[in-house]
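Okay, structure first, notes after.
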Amino acid sequence: MTPQAHPANPQAGAAVKAADRAHVFHSWSAQELIDPLAVAGAQGSYFWDYDGKRYLDFSSGLVFTNIGYQHPKVVAAIQEQAATLATFAPAFAVEARSEAARLIAERTPGDLDSIFFTNGGAEAVENATRMARLHTGRPKVLSAYRSYHGATAAAINLTGDPRRWASDSGAAGVVRFWAPFLYRSPFHSGTEAQECERALQHLDDTIAFEGPQTVAAVILETIPGTAGIMTPPPGYLAGVREICDRYGIVMVLDEVMAGFGRTGTWFAADLFGVTPDLMTFAKGVNSGYVPLGGVAISGEIAETFARRPYPGGLTYSGHPLACAAAVATIGVMEEEDVVGQAARLGENVLGPGLRALAERHPSVGEVRGTGAFWALELVKDRETREPLVPYNASGEANAPMAAFGAAAKARGLWPFINMNRTHVVPPCNITEAEAKEGLAALDEALSVADQHVSG
Ligand code: PLP
């Protein structure tokens with residue numbers, strides 16, 4: 001069902017905007033240089049502003065509305081929980097929390113059966129790395145350059161992307177390495193098999209030179225998200241698992257973005273048959289309706305804290321409203337086969353549709369992804385693969401991507417853009433017709449990107 005656009009109410013929109021500009025301090029932004037859109041409402045895969053202009057959300061917010069906006073069953077569950085028990089301290093056993101933990105543990109791979117709840121992804125990463133350090137008694141955590149793990153102290157230091165630079169304290173205990181990415185291979189590989197082998201050798205060498213006895217954990221996004229949706233080559237994650245086992249290193253998979261249906265499986269790890277020792281999640285766990293994240297913990301690591309207190313906690317760990325939203329979201333995902341919908345969307349609509357766009361548009365250097373998790377790498381020159389804008393470009397240097405984004409929005413499509421890429425990450429349950437409507441808008445917007453092709 002296509003929702004009706006909200007009736008225009010520019011005056012209300014102006015008031016929302018004015019209060020925002022006066023008092024809201026926004027993430028990642030020079031406060032005077034931003035112009036946030038005032039949003040009046042949202043439904044399913046769409047949201048709309050106070051002028052009545054509607055956008056198809058190809059970004060799922062920040063890749064979290066896996067079941068779309070305002071799903072009535074999840075909204076009702078939050079309302080019911082609010083009426084029953086709106087909040088309760090984390091030290092108690094509470095129905096919504098117990099049930100959410102049970103449902104998550106049943107779906108995570110292997111024996112990841114204990115759930116530590118947080119308010120979001122970064123706190124999940126903080127706690128996963130803390131657990132790994134305490135479990136092993138070792139100080140270092142290895143993370144990939146092309147990664148994003150969150151914006152709190154440890155998480156931002158583990159992050160590879162440039163958002164780290166301003167906060168990078170050269171944190172003791174963080175070591176970065178290159179994960180595989182054939183299109184821009186750090187190892188000059190020509191094939192996926194070569195990239196896999198060389199990336200594993202590089203990780204092994206890094207660990208050897210750091211001293212394996214000093215390394216607590218390797219953390220990887222199972223499929224890196226914000227950094228570019230690079231599905232690892234076959235065998236890579238199994239190889240990382242083997243290296244971690246060999247040295248007694250904790251393997252942490254960060255599924256904050258890739259988890260809960262996004263890849264057409266419950267977790268991206270399911271695509272590779274690999275079970276980590278710790279897995280972080282957030283976003284899709286309840287489609288972001290109430291902040292929630294967490295760490296799924298293996299039996300062995302849980303055992304470490306069976307008779308020894310775990311030195312970490314949060315006032316709102318397992319907040320009943322967030323957990324009730326997770327219980328309802330997982331229920332909806334089962335009833336409506338949202339995971340299967342994502343898989344079919346990737347296979348039948350987004351995959352073929354995006355590849356067809358790549359054939360028509362010289363600015364598209366590569367299409368990659370799976371399920372409802374896709375990236376288009378935009379380039380100036382397909383031969384040299386020079387990115388459409390330089391790494392971490394801003395201002396004038398970023399003008400081609402800004403023009404592309406503006407063109408998409410003018411056509412009613414809200415894109416996800418990071419550096420020289422646009423990611424196609426709609427709700428997992430977007431309809432085929434909606435997805436095709438988005439692809440048509442993308443087609444037109446890519447013509448703007450094509451104007452900057454020089455190759
Ligand atoms: N890990 C990954 C893979 C993410 O994509 C993100 C956010 O985008 C985070 C961690 C941080 O999550 P949050 O913003 O909820 O703290």
Side-chain angles (χ1 to χ4, degrees), residues 26-29 57 59-66 108 116-132 141-164 167 174 176 179 181 217-232 237 251-263 267-269 271 276 278-296 312 314 316-319 322 325-326 329 369-375 416-419 421 423-425 428:
H26 284 262
S27 317
W28 307 118
S29 302
D57 190 357
S59 68
S60 295
L62 286 175
V63 202
F64 60 77
T65 55
N66 288 10
T108 50
F116 177 77
F117 284 115
T118 65
N119 299 295
E123 288 174 351
V125 169
E126 297 278 336
N127 282 284
T129 51
R130 176 181 292 160
M131 285 173 197
V141 179
L142 269 56
S143 68
Y145 275 107
R146 294 190 192 272
S147 70
Y148 182 72
H149 293 294
T152 53
I156 198 69
N157 272 276
L158 288 164
T159 286
D161 95 15
R163 280 176 289 182
R164 179 189 82 246
S167 309
V174 173
R176 284 176 211 88
F181 179 25
V218 171
I219 184 168
L220 276 168
E221 293 171 77
T222 314
I223 296 180
T226 311
I229 313 187
M230 299 86 88
T231 303
L237 291 171
M251 180 177 183
V252 184
L253 287 181
D254 184 345
E255 294 245 358
V256 166
M257 188 177 281
F260 285 95
R262 175 84 17 216
T263 58
F267 295 96
L271 292 170
L278 296 169
M279 192 160 90
T280 55
F281 63 86
K283 297 187 189 265
V285 62
N286 63 8
S287 228
Y289 284 31
V290 185
L292 184 67
V295 187
L314 299 154
Y316 302 129
S317 176
H319 193 285
T329 298
T370 181
F373 204 32
W374 292 84
F416 182 106
I417 293 175
N418 184 272
M419 300 196 199
R421 285 170 275 108
H423 294 186
V424 175
V425 284
C428 300

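Below, each value reflects all heavy atoms present in this structure, side chains not excepted, and no hydrogens, waters or symmetry copies. Atoms within each ligand, like the ligands themselves, are counted from 1 in listed order. In this chain, numbering begins with 1 at the start of the sequence shown.
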**Asked** Do Glu221 and ligand 1 have an N or O pair less than 3.5 Å apart?
**Response** no

**Request:** Check each of Asn127, Val252, Ile219 against Leu278 using the side-chain contact (heavy atoms from CB on, under 4.5 Å) test, and report the only one that passes.
**Result:** Val252

**Asked** Closest heavy-atom contact between Leu62 and Met257?
**Response** O-CE, 4.4 Å

**Message:** Applying the side-chain hydrogen bond (donor to acceptor under 3.5 Å, both in side chains) criterion to Ser60, which one of Arg262, Lys283, His423 satisfies it?
**Reply:** Arg262

**Asked** Counting each atom of ligand 1 from 1 as listed, which ones have a heavy atom of Gly121 under 4.0 Å away?
**Response** 11 (C), 12 (O), 13 (P), 15 (O), 16 (O)

**Asked** Distance only, no hydrogens: is a donor on one side chain within 3.5 Å (strictly under) of an acceptor on the other, for Ser147 and Glu221?
**Response** no

**Message:** Quick check on atom 1 (N) of ligand 1 - does any protein heavy atom sit closer than 4.0 Å to it?
**Reply:** yes

**Request:** Below 4.0 angstrom from a heavy atom of Asp254, which ligand 1 atoms are there? Numbered from 1 as shown, please.
**Result:** 1 (N), 2 (C), 3 (C), 10 (C)

**Prompt:** Is any side-chain heavy atom of Ile223 closer than 4.5 Å to a side-chain heavy atom of Thr370?
**Reply:** yes

**Side-chain touch Phe116/Met131, heavy atoms, less than 4.5 angstrom** = yes

**Item:** N/O separation below 3.5 Å, Glu123 to ligand 1
**Value:** no

**Asked** Is the closest N or O pair between Ala122 and ligand 1 shorter than 3.5 Å?
**Response** yes

**Prompt:** Which residue, Asp254, Asn157, Asp161, Thr280, forms the side-chain hydrogen bond (donor to acceptor under 3.5 Å, both in side chains) with His149?
**Reply:** Asp254

**Asked** When you measure from atom 8 (O) of ligand 1 to every protein heavy atom, which one gives the shortest distance, and what is it?
**Response** Lys283 NZ, 2.9 Å

**Item:** Ligand-residue contact atoms, ligand 1 with Gly120, heavy atoms, under 4.0 Å
**Value:** 15 (O)

**Message:** Judged on heavy-atom distance to atom 9 (C) of ligand 1, which of Leu220, Leu62, Val256 sits nearest?
**Reply:** Val256

**Request:** Looking only at distances, please establish whether an N/O atom of ligand 1 is found under 3.5 Å from an N/O atom of Ala282.
**Result:** no

